[in-house]
Amino acid sequence: MKFRLTCVLVLVAASACAPPVGYGSIVAASTSADVPTSTAAPAPREVPTETHTGKGSGEFVTSWPADQLGFFTFDCPKCTGNVIIDTDSGEHGLVNAIGAYKGTTWLNTYPDQPVKHVTIHADAAWTATIADQRSLPLAAAGAASSGKGDAVLRLPEGVAHVQLTAKTRGNIALWMMSPEKRDLLLNQIGDVQVERDVRGPAYLKVDGYEATWTLTPS
């Protein structure tokens, strides 16, 4: 596996909340509070969204609050090689894909090791955002939610089961994070149709950048 790191920093715009400090071609970093509102749990408060853009491999510094879970969306539509994203908090392989990628995962999951630096390995222009729970789709009881690739969904209170159907040639995993714990509900290779016990309010994370999937809570 071979990566080319660009060591020239290009700054066009900067936000006081998210300084674009690091290496690589970081084009811009900004924050915005214009995200949908909701009363989703377990996130305790609302946080403005951070946006970072760049091209190729590099690193940026985030000002995301140390005590807040974040949701990280990465979009690199013209990537052709490996796409790997790590943080300095021990969240290695936050994204691990090949080719064009767009997906969401959770971030800042170790309270004693808050994220400050995010490292990007990519070969094209990209956009990275960190947002709070208001940015996530709701997986309501009795309503099917469909998607492709990595995603995080909000699971409301009262939901006790979830059915997952997925088609993929690669790995597919399903995680649940509640105020009490984080559970791996599924981890396998290939197509799957399963039902798992859950307990809302919680977050559900689908890991499978090649997968096409449908989640139905009940």
Side-chain angles (χ1 to χ4, degrees), residues 1-36 47-66 68-110 113-132 134-137 147-152 168 170-171 205-212:
M1 186 180 300
K2 183 178 180 181
F3 300 106
R4 177 176 62 83
L5 299 184
T6 303
C7 297
V8 178
L9 180 66
V10 181
L11 302 181
V12 174
S15 165
C17 295
V21 180
Y23 70 87
S25 300
I26 309 301
V27 178
S30 65
T31 61
S32 170
D34 295 328
V35 290
V47 182
T49 298
E50 282 186 19
T51 300
H52 303 265
T53 61
K55 185 176 182 179
S57 296
E59 180 182 279
F60 64 82
V61 172
T62 172
S63 61
W64 195 256
Q68 295 292 299
L69 182 66
F71 299 96
F72 179 86
T73 298
F74 190 76
D75 186 13
C76 190
K78 294 185 178 181
C79 275
T80 58
N82 294 89
V83 179
I84 300 175
I85 300 175
D86 301 313
T87 73
D88 59 350
S89 71
E91 294 168 315
H92 302 298
L94 202 64
V95 172
N96 189 354
I98 299 175
Y101 177 87
K102 184 176 183 179
T104 300
T105 186
W106 48 48
L107 179 86
N108 215 33
T109 57
Y110 299 107
Q113 293 180 285
V115 173
K116 289 299 180 185
H117 296 263
V118 179
T119 303
I120 309 292
H121 297 289
D123 60 6
W126 50 262
T127 300
T129 61
I130 308 173
D132 65 21
R134 296 171 296 164
S135 66
L136 301 177
K148 183 177 182 180
D150 300 337
V152 182
T168 180
N171 191 79
K205 182 176 73 162
V206 180
D207 274 343
Y209 80 95
E210 296 179 301
T212 300

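For this chain, numbers begin at 1 and follow the sequence in order. Treat the numbers as computed from the prediction; the structure is a model and nothing was measured.
To the nearest 0.5 Å, atom CD of residue Glu59 and atom OG1 of residue Thr87 are 10.5 Å apart. The CD atom of Glu91 sits 10.0 Å away from the CZ atom of Phe72 when rounded to the nearest 0.5 Å.
The closest side-chain heavy-atom distance from Trp106 to Leu69 is below 4.5 Å. Using a 4.5 Å heavy-atom threshold, the side chains of Leu107 and Leu94 count as touching. Using a 4.5 Å cut-off on side-chain heavy atoms (C-beta onward), His52 and Thr127 make no contact. Annotation: side chain of Thr119 is not in contact with side chain of Ile85 (no heavy-atom distance under 4.5 Å). Contact annotation: the side chain of Val115 never approaches that of Trp64 to less than 4.5 Å [non-hydrogen atoms, C-beta and beyond].
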Q: Given side chain to side chain contact (heavy atoms under 4.5 Å, CB included), test Tyr209 with Val95 step by step and report yes or no.
A: CA-CA 9 Å; Tyr209 80 95; Val95 172; over 6 Å; no
Q: Begin from the C-alpha positions of Phe71 and Leu136 and carry the test side chain to side chain contact (heavy atoms under 4.5 Å, CB included) through to its verdict.
A: CA-CA 8 Å; Phe71 299 96; Leu136 301 177; 3.7 Å; yes
Q. Going through the checks in order, is the side chain to side chain contact (heavy atoms under 4.5 Å, CB included) test met by Thr62 and Ile130?
A. CA-CA 9 Å; Thr62 172; Ile130 308 173; 3.5 Å; yes
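With Ser57 contributing its side chain and Ala122 its backbone, the two residues share a donor-acceptor pair below 3.5 Å. Without hydrogens or angle criteria, Asn108 side chain to Gln68 main chain gives a donor-acceptor distance under 3.5 Å. A donor-acceptor pair under 3.5 Å is formed between the side chain of Asp86 and the backbone N or O of Gly93.
In this structure, the side-chain hydrogen bond (donor to acceptor under 3.5 Å, both in side chains) partners of Asp150, at least two apart in sequence or on a different chain, are Tyr101.
Between the side chains of Thr129 and Glu50, no donor-acceptor pair is found at a separation under 3.5 Å.
When every heavy atom of Pro65 is checked against every heavy atom of Val47, the shortest pair comes out as CD-CG1, 3.7 Å. Across all non-hydrogen atoms, the minimal contact from Gln113 to Ser89 is O-CB, 2.7 Å. Across all their heavy atoms, Pro114 and Ala66 have their closest contact at CB-CB, 3.5 Å. Residues Gly56 and Ile120 share a closest heavy-atom pair of O-CG2, 4.2 Å. When all heavy atoms are compared, the tightest approach of Thr168 to Gly170 is OG1-N, 2.9 Å.
Applying the ring-ring contact (aromatic ring centres under 6.0 Å, His included) rule to pairs touching residues 73-99 yields Phe74-Trp126, sequence neighbours excluded.
Other residues, nucleotides and ligands place more than 12 heavy atoms under 6.0 Å from the NZ atom of Lys116.
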